[in-house]
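Report on one structure; see the data block that follows.
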Amino acid sequence: RRCGAPRMHHLKRQRKAEGDGLTVEDVAADPRPGMTAPCAIHFSADDRFVGYLLSKAGSRDQMLIVNELDDEGGVSAPKPFVDEDFAHCSEELLSLEERMRRERSRSWGNGVTTFEW
C-alpha cells in the first residue's frame, strides 16, 4: 500500500452487507432516486402557512401542498392548494419557449413548478 492511499476494502464489505447498492437502472430512473422529497419550502408572509412542492413516488407531477401553523406550534394535515388535475400537465401542451426555459434551468417537474406567497 502506498503512503496516503485510502483503504477501500472495508467499503466493499459494507456495500455487500447492505445489498447490491445503486445500479445503472437506479441512476437512470425517472424521477431520479431521492427526488420525491418536498422542495421549494416557503413560509407565508404572516407565518401562518408553510407551502412546498411535492411529487408522488414514481411521478414527476408536482403539487403545491400547504400546512397551516397554529399559535401553539402545531401543524395541520397537508392539503393540496390547487386541484390535483392541474398537476397532470403534459409537456406537449407547453410552448416551445417554456420547454426550453425548463430545459435550461434543469426543471424536469410537471404541474406546479414554482410558487410565491
Side-chain angles (χ1 to χ4, degrees):
R1 166 168 123 82
R2 290 181 285 143
C3 182
R7 291 185 178 181
M8 302 302 282
H9 59 86
H10 66 285
L11 293 176
K12 290 178 185 174
R13 269 189 270 132
Q14 183 179 0
R15 272 195 213 119
K16 286 180 183 176
E18 293 173 356
D20 293 338
L22 279 178
T23 64
V24 172
E25 290 79 17
D26 292 335
V27 174
D30 186 29
R32 295 175 301 206
M35 300 313 281
T36 56
C39 63
I41 301 168
H42 298 288
F43 286 89
S44 63
D46 61 1
D47 289 333
R48 289 189 52 222
F49 300 96
V50 62
Y52 49 92
L53 300 177
L54 184 66
S55 298
K56 293 181 181 177
S59 173
R60 292 191 306 163
D61 296 334
Q62 294 179 332
M63 294 178 33
L64 174 58
I65 306 295
V66 175
N67 293 84
E68 188 170 3
L69 308 174
D70 63 22
D71 294 333
E72 290 81 39
V75 179
S76 71
K79 295 179 236 168
F81 195 70
V82 294
D83 188 9
E84 192 170 336
D85 293 334
F86 185 72
H88 302 292
C89 177
S90 173
E91 288 187 27
E92 291 81 31
L93 298 176
L94 299 174
S95 68
L96 177 61
E97 290 82 9
E98 178 63 13
R99 288 195 305 260
M100 293 294 104
R101 184 195 68 77
R102 289 182 181 197
E103 188 171 322
R104 284 190 302 272
S105 67
R106 305 292 191 256
S107 175
W108 306 116
N110 293 326
V112 181
T113 57
T114 60
F115 76 98
E116 293 182 25
W117 290 106

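The figures that follow rest on heavy atoms only: side chains count, while hydrogens, waters and symmetry mates do not.
- Sparse packing is recorded around CZ of Phe81, with 12 or fewer heavy atoms of other residues, nucleotides or ligands lying under 6.0 Å away.
- Looking at heavy atoms from C-beta onward, Val66 lies out of side-chain contact with Val50 at the 4.5 angstrom threshold.
- How far CG of Asp47 is from CG of Asp71: 11.0 Å, rounded to the nearest 0.5 Å.
- With sequence neighbours left out, Leu54 forms a side-chain contact (heavy atoms from CB on, under 4.5 Å) with Pro38, Tyr52, Ile65.
- Evaluation of the salt bridge (Lys or Arg N to Asp or Glu O under 4.0 Å) rule for Arg101 yields Glu98 as partners, not counting sequence neighbours.
- For Leu94 against Arg102, the heavy-atom pair with the smallest separation is CD1-NH1, 3.4 Å.
- Residues Trp117 and His42 share a closest heavy-atom pair of NE1-O, 3.2 Å.
- Here the shortest heavy-atom pairing between Leu53 and Thr114 reads CD1-N, 4.1 Å.
- Remark: side-chain polar atoms of Asn67 are paired, donor with acceptor, to backbone N or O of Ser76 under 3.5 angstrom.
- Going from atom CE of Met100 over to atom OG of Ser105 covers 11.0 Å, rounded to the nearest 0.5 Å.
- Counting only heavy atoms from C-beta outward, the side chains of Leu69 and Phe43 approach each other to under 4.5 Å.
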